[in-house]
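Shown next, in structure tokens, is the structure this report addresses.
None of the values given here were measured: they were computed from a predicted structure. Just so we're on the same page: letters track the sequence lines, and every chain starts at 1.
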Amino acid sequence: MKVRVRFAPSPTGFLHIGGARTALFNWLYARHTGGTFVLRIEDTDVARNTQAAVNVILDGLRWLGLEWDEGPITGDATGPDKGDCGPYFQSHRKANYRARVEALLSRGLAYEHEGAVKFKMTREPVVIHDAVVGDVRRELTDREAADPDFVIVRSDGEPVFHLVNVVDDLEMNITHVIRGEDHLSNTAKHIALFRAFGVPSPQYAHIPLILNPDGTKMSKRDQGALMTAYMDGGFVPEAVVNYLCLLSWSPKDNREKLPLAEVVERFDLPQILRANARFDRDKLLWLQGEYAREFGDDRFYELSIHALGRAGFDTNLFPVDYVKAALDTCKGKIKLFNELPGYAGFYFKDEFDYTPDGVKKDFIPENKPRLQKLRDAFAGLSPFIAVDLEIALKRVAGELGVKAGVLVHPARLACTGNTAGPSLYHLLEVLGKDRVLLRLDRALARMG
RNA sequence: GACCCUAUGGUCUAGCGGUUAGGACACCACCCUUUCACGGUGGUAGCCCGGGUUCGAUUCCCGGUAGGGUCGCCA
């Protein structure tokens with residue numbers, strides 16, 4: 001039997017990091033088994049659905065690289081889709097639900113109740129055979145024991161989650177339901193519905209949740225909960241996906257950074273851990289840095305230029321070779337691409353403020369004659385290249401009887417406005433003699 | 001309140017009926033160095049508690065505790 005899994009988000013809120021992880025595990029299992037990954041939009045809550053949320057779901061999955069085999073192609077519920085089990089928006093499957101409810105009603109398995117339809121839930125404990133958690137015997141809670149039946153169609157005629165979820169899994173021939181553990185308790189209801197429809201339940205696999213760093217449940221309002229925070233925050237999908245793979249799953253060989261293709265090869269349901277995991281942004285950031293450092297030039301330039309553009313820097317105003325040379329000095333130094341405007345913006349603007357800490361420390365009176373002497377030495381240099389700049393600076397330092405750092409720090413502040421940044425000699429070479437002398441003069445005037 | 005899941009350093013994890021309990025992030029110190037970052041070396045820190053089984057439990061069983069989830073005409 002060919003594996004068919006689905007990710008079935010509800011567009012009532014923006015794509016969540018936990019939802020992304022659920023999508024990832026479904027995708028991994030589909031790819032691992034050579035199965036099919038279906039995307040289904042559960043938009044039955046008309047009042048709370050938004051088109052923007054649908055778009056973020058599609059954009060987010062594509063950004064992560066989790067392409068689906070079946071499902072909508074655009075965020076338009078009436079738009080094109082791919083696959084033989086559509087429509088993939090639940091808002092367009094109402095006839096299916098109606099027919100299923102009729103069948104239950106006619107067989108006495110459901111009944112009308114004050115305008116709504118309720119399903120006659122079994123009173124017996126339900127055993128859930130879960131691929132991750134094992135066998136779970138779910139008994140009724142006290143409140144359920146008082147009234148075990150539950151609503152499957154609202155009095156306004158709209159079908160409810162438990163019903164539509166099961167009907168679609170059934171009609172879309174879903175073989176494995178991989179979802180968050182928050183659904184484990186509800187699974188008894190779903191199994192009862194499958195029984196009522198006379199078909200076996202899919203294989204369930206309930207995966208642990210992602211918690212906040214303090215161990216509380218991550219909600220949409222928490223820091224870092226939304227996928228857009230990563231998409232817009234200068235992260236790369238490789239790092240986010242890699243990090244997500246390491247939550248509740250492990251390659252078991254002490255490696256942390258590993259290619260997705262290898263995860264696909266090794267991923268399987270029984271090895272998924274059972275305990276919730278806390279989200280650790282520091283570790284994600286570390287992985288982000290690992291990836292950012294190892295990108296090829298083209299990818300690095302592309303992401304960098306994009307990040308600079310978002311911050312208002314138009315790199316098209318500069319020669320391509322200049323832009324590339326400037327970015328080359330930043331590679332391996334930054335983690336988040338969002339850091340780049342602050343880190344390398346000095347290459348692309350002549351007017352900038354000096355960081356106050358640096359002014360206090362480096363633009364001191366005794367440094368003025370030193371910087372002047374350095375400026376004069378630089379003025380005589382041709383060509384203006386890093387190795388010669390370093391020799392010149394160290395010679396001046398020697399003549400002054402000071403360590404190189406005494407000149408390096410004010411020179412850096414003068415030319416970049418910052419106390420930290422790319423290699424000084426290389427950034428000077430990239431800026432070029434004219435810009436460097438101009439900036440040194442400006443700093444000298446400022447120190448006056 | 002009831003039902004369900006879970007429990008290895010601060011965090012993510014490996015592991016085992018007998019191990020000096022391994023790795024990674026973070027943190028601290030030192031080295032490298034023009035800053036930052038990288039890299040290198042070293043370090044602090046862990047098997048939730050109580051019973052039971054056993055020659056021996058972090059590992060198996062039971063209980064407790066703690067954390068999480070669910071019990072909607074939300075999904």
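A gap of 8 Å separates the C1' atoms of C48(B) and A66(B), to the nearest Å. As rounded to the nearest Å, U33(B) and G15(B) have C1' atoms that lie 39 Å from one another. Across A24(B) and G50(B), the matching C1' atoms stand 33 Å from one another, rounded to whole Å.
Rounded to a whole Å, the CG atom of Leu246(A) is 8 Å from the P atom of U13(B). Taking atom CG of Asp130(A) as the reference point, atom P of G69(B) lies 18 Å away to the nearest angstrom. Nucleotide U11(B) holds its P atom 11 Å from the CG atom of Leu211(A), rounded to whole Å. Taking atom CZ of residue Arg278(A) and atom P of nucleotide G9(B), one finds them 10 Å apart after rounding to whole Å. Here C73(B) presents its P atom at 19 Å from OH of Tyr97(A), a figure rounded to the nearest Å.
Ion pairing between Asp253(A) and Arg266(A) holds under the 4.0 Å rule for side-chain N and carboxylate O.
Base engagement by Tyr425(A) is indicated by at least one non-hydrogen atom pair under 4.0 Å involving a base atom. Contact annotation for Ser423(A): base contact, defined as any heavy-atom pair under 4.0 Å involving a base atom. Among the protein residues, Tyr243(A) comes within range of no part of the nucleic acid, since none of its heavy atoms lies under 4.0 Å from any strand. Among the atoms of the strands shown, base atoms are found under 4.0 Å from some heavy atom of His162(A). If you check every strand for non-hydrogen atoms under 4.0 Å, Glu256(A) touches a base. Residue contacts for Pro422(A): at a heavy-atom cut-off of 4.0 Å it reaches a base atom on one of the strands shown. Here Ala404(A) lies out of heavy-atom contact (under 4.0 Å) with every strand. When heavy atoms are screened at a 4.0 angstrom cut-off, Ser155(A) is found touching base atoms of the nucleic acid. Heavy atoms of Leu273(A) sit under 4.0 angstrom from primed sugar atoms or phosphate atoms, though from no base atom. Across all strands shown, Gly405(A) has no heavy atoms under 4.0 Å from either base or sugar-phosphate atoms. Note on Asp182(A): only backbone sugar-phosphate atoms sit closer than 4.0 angstrom, heavy atoms only; bases stay farther off. Leu424(A) comes within 4.0 angstrom of a nucleotide base, judged by non-hydrogen atoms across all strands.
Across every strand in view, U58(B) sits unpaired, with no contact that passes the Watson-Crick or G-U test at under 3.5 angstrom. In this entry A45(B) has no Watson-Crick or G-U wobble partner, no candidate having both defining distances under 3.5 Å. Remark: A26(B) base-pairs with no nucleotide; criterion is Watson-Crick or G-U wobble with both hydrogen-bond distances under 3.5 Å. Base-pair partner of C38(B): not found among the strands shown (Watson-Crick or G-U wobble, both distances under 3.5 Å). Judged by Watson-Crick or G-U wobble contacts below 3.5 Å, the nucleotide U33(B) has no partner. Using N1 to N3 plus N6-O4 or O6-N4 for Watson-Crick, or N1-O2 and O6-N3 for G-U wobble, each under 3.5 Å, C71(B) pairs with G1(B). Base pairing annotation: U65(B) forms a Watson-Crick or G-U wobble pair with A7(B), both donor-acceptor distances under 3.5 Å.
The Glu290(A) side chain lies nearest to G39(B) when the options are G39(B), C73(B), C12(B). For Lys394(A), whose side chain is taken as the heavy atoms from C-beta onward, the closest listed nucleotide among A75(B), U34(B), C74(B) is U34(B).
With contacts defined as side-chain heavy-atom distances shorter than 4.5 Å, the pair Asn242(A)/Tyr291(A) qualifies. No side-chain heavy atom of His183(A) sits less than 4.5 Å from a side-chain heavy atom of Val177(A).
Applying the 4.0 Å criterion to OP1 and OP2 of G15(B), one finds that Lys252(A) has a side-chain N or O inside that range. Phosphate proximity of U34(B) to Lys403(A): absent, as no side-chain N or O sits under 4.0 Å from OP1 or OP2. When the side-chain nitrogen and oxygen atoms of Lys217(A) are compared with OP1 and OP2 of U70(B), one or more of them lie within a distance under 4.0 Å. One finds a side-chain N or O of Ser248(A) lying less than 4.0 angstrom from the OP1 or OP2 phosphate oxygen of U13(B).
For the ring-ring contact (aromatic ring centres under 6.0 Å, His included) test with His162(A), the passing option among Phe194(A), Tyr97(A), Phe150(A) is Phe150(A); the others fail. The ring-ring contact (aromatic ring centres under 6.0 Å, His included) test with Phe337(A) singles out one residue from Tyr301(A), Phe235(A), Phe300(A), and that residue is Phe300(A).
Between the side chain of Lys189(A) and the base of U70(B), no donor-acceptor pair of N or O atoms lies under 3.5 Å. One can find a donor-acceptor pair under 3.5 Å joining the base of A75(B) and the side-chain atoms of Asn186(A). With hydrogens and angles left out, the side chain of Thr419(A) and the base of U35(B) share no donor-acceptor pair within 3.5 Å.
Under the 30°/60° scheme for interplanar angles, the aromatic rings of His176(A) and Tyr29(A) are found to be tilted. Classified by interplanar angle (parallel below 30°, tilted 30° to 60°, perpendicular above 60°), the ring pair Tyr243(A)/Phe279(A) is perpendicular.
Not a single donor-acceptor pair under 3.5 Å links the side chain of Arg4(A) to the backbone N or O of Ile174(A).
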Taking N or O atoms only and anything under 3.5 Å, show me the protein contacts with nucleotides 2-5 of chain B, one pair per line.
residue	atom	partner	partner atom	Å
A2(B)	O4'	Asp142(A)	OD2	3.1
A2(B)	O2'	Asp142(A)	N	3.0
C3(B)	O2'	Glu139(A)	O	3.2
C5(B)	O2'	Glu181(A)	OE2	3.0

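Mapping His183(A) and Asp282(A) onto RNA chain B by nearest heavy atom places Asp282(A) closer to the 5' end of the strand.
The two residues Gly75(A) and Val54(A) have their closest heavy-atom pair at O-CG1, 3.5 Å.
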